[in-house]
> 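Pasting a structure below so you can have a look.
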Amino acid sequence: MEFFCYHRDRPGSLPLREELGEAHWAYMDRYEAELIARGPTFADDGETPTGSVHIVDLPDVAAARAFAFDEPNYQAGAYRDVLLRRWRNLLGRTMWEFPGGPSGGDRFLVLGFGSGTAVDLDVPYDRDELIAYGPLLSDDGAVWVGTAALVRAPDAEAARAVLTHQGRYAGIEVHAWEFGGRR
């Protein structure tokens, strides 16, 4: 089962995140084989971290909750909240298989939150600019609650356009994002 996890930073938590950097890396190393995508989000200045995205393939909801809530930064209080949802990998690949590679161009996390009849279940036409793409789902996978995408785009507005039925979303967020992992 695939899961989308977005830990959002608590304001002022950067020193704590820096202190726990190695503990975070070591924790994520345990999930190397299960990770589909990972990386930090940033404030408008492009430098201040605002959160941490992990898309992971795990056996069940309990394993996903353990992944999200046993993470060292979460345990220490660095995050203000966690978005954890079932997810479906419509691209069928990991971020490491993205044709555009890990650098070059701006990257964004796009989150659309909705309810009712599912939309944006088809992969958009410009697949080569998509790093990860799929629906956010209820714990049992039966109910659509939105869409999550990692995309290379010239700017935030172009990234937002990956959601083709924008009027169906109660809210849309776009965050600067970059490939994560040990360097």
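Along the sequence shown, residues carry numbers from 1.
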> Mind checking the CG-CG spacing from D9 to L14? Nearest 0.5 Å is all I need.
7.5 Å

> Would you say that L130 contacts V123 through its side chain, given a criterion of any heavy-atom pair below 4.5 Å between the two side chains?
yes

> Tell me the salt bridge (Lys or Arg N to Asp or Glu O under 4.0 Å) pairs involving residues 133-146, sequence neighbours left out?
R65-D139

> So do V82 and C5 actually touch side chain to side chain, heavy atoms under 4.5 Å?
yes

> My understanding is that only residues two or more places apart in sequence, or in another chain, count here; which of them pass ring-ring contact (aromatic ring centres under 6.0 Å, His included) with W87?
none

> So how far is it from T50 OG1 to R10 CZ, rounded to the nearest 0.5 Å?
14.5 Å

> Identify the two heavy atoms, one from P72 and one from A23, that lie closest to each other, and give their separation to 0.1 Å.
CG-O, 3.6 Å

> Quick one, D120 and P135 - any side-chain contact, counting heavy atoms below 4.5 Å?
no

> When rounded to the nearest 0.5 angstrom, what distance separates CG in L90 from CG in D122?
8.5 Å

> Hey, could you give me the CD1/CD1 distance between I36 and I131, rounded to the nearest 0.5 Å?
14.0 Å

> Linking I/L/V/M/F/W/Y whenever any side-chain heavy atoms sit under 4.5 Å apart, do L109 and L91 land together?
no

> With sequence neighbours excluded, tell me which residues meet side chain to side chain contact (heavy atoms under 4.5 Å, CB included) with A66.
D70

> Sorted by first residue and then second, give each ring pair (Phe, Tyr, Trp, His ring centres under 6.0 Å) pair with at least one member in residues 95-117; sequence neighbours left out.
none

> Can you name the salt bridge (charged side-chain N to carboxylate O under 4.0 Å, His left out) partners of R152, sequence neighbours left out?
E129

> Not counting sequence neighbours, list each pair that qualifies as a salt bridge (Lys or Arg N to Asp or Glu O under 4.0 Å) and has a residue in residues 76-104.
R8-D81

> Residues two or more places apart in sequence or in another chain: which of them pass side chain to side chain donor-acceptor pair (under 3.5 Å) with S13?
none

> Holding to salt bridge (charged side-chain N to carboxylate O under 4.0 Å, His left out), I want the full list of residues that pass it with D57, two or more places apart in sequence or in another chain.
none

> Which residue pairs satisfy the ring pair (Phe, Tyr, Trp, His ring centres under 6.0 Å) criterion with at least one member in residues 132-157, sequence neighbours excluded?
W144-Y169

> May I ask whether V119 and I172 are part of the same hydrophobic cluster, defined by side-chain heavy atoms of I, L, V, M, F, W, Y residues being less than 4.5 angstrom apart, directly or through others?
yes

> Do F42 and L150 land in one hydrophobic cluster if side-chain heavy atoms of ILVMFWY residues count as linked below 4.5 Å?
no

> What is the minimum heavy-atom distance between Q166 and R160, and which atoms define it?
NE2-O, 2.9 Å

> Report yes if the side chains of V143 and L137 come closer than 4.5 Å at any heavy-atom pair, otherwise no.
no

> Considering only residues two or more places apart or on different chains, which pairs with a residue in residues 42-54 satisfy salt bridge (Lys or Arg N to Asp or Glu O under 4.0 Å)?
none

> Show the numbers, then the answer: is there a side chain to side chain contact (heavy atoms under 4.5 Å, CB included) between D106 and W177?
CA-CA 8 Å; D106 293 330; W177 174 84; over 6 Å; no

> Kindly compute the distance separating CD1 (I55) from CD (E2), expressed to the nearest 0.5 Å.
9.0 Å

> Applying ring pair (Phe, Tyr, Trp, His ring centres under 6.0 Å) as the test, list every pair that has at least one member in residues 52-73; sequence neighbours left out.
H24-H54, Y31-F67, H54-F67, F69-Y74

> Compare all side-chain heavy atoms of L111 with those of F4 and state whether any distance is below 4.5 angstrom.
yes

> What about Y6 and L163, same hydrophobic cluster or not, with Ile/Leu/Val/Met/Phe/Trp/Tyr joined at side-chain heavy-atom distances under 4.5 Å?
no

> A side-chain contact here means heavy atoms from C-beta on lying under 4.5 Å apart; do S52 and T41 qualify?
no

> Do P59 and M1 have side-chain heavy atoms sitting under 4.5 Å apart?
no

> So, for A63 and L58, which heavy atoms are closest and what is the spacing to 0.1 Å?
O-CD1, 3.7 Å

> Are the side chain of H7 and the backbone N or O of V53 linked by a donor-acceptor pair below 3.5 Å?
no

> Which atom pair, heavy atoms only, marks the closest approach of A78 to R17?
CB-CG, 3.8 Å

> Check L84 against A68 and note the closest heavy-atom contact, atom names and distance.
CD2-CB, 4.1 Å

> Are M95 and V151 connected, step by step, through hydrophobic side chains (Ile, Leu, Val, Met, Phe, Trp, Tyr) whose heavy atoms are closer than 4.5 Å?
no

> Identify the two heavy atoms, one from L16 and one from G77, that lie closest to each other, and give their separation to 0.1 Å.
CD2-C, 4.1 Å

> Applying salt bridge (Lys or Arg N to Asp or Glu O under 4.0 Å) as the test, list every pair that has at least one member in residues 21-37; sequence neighbours left out.
E22-R182, D29-R182

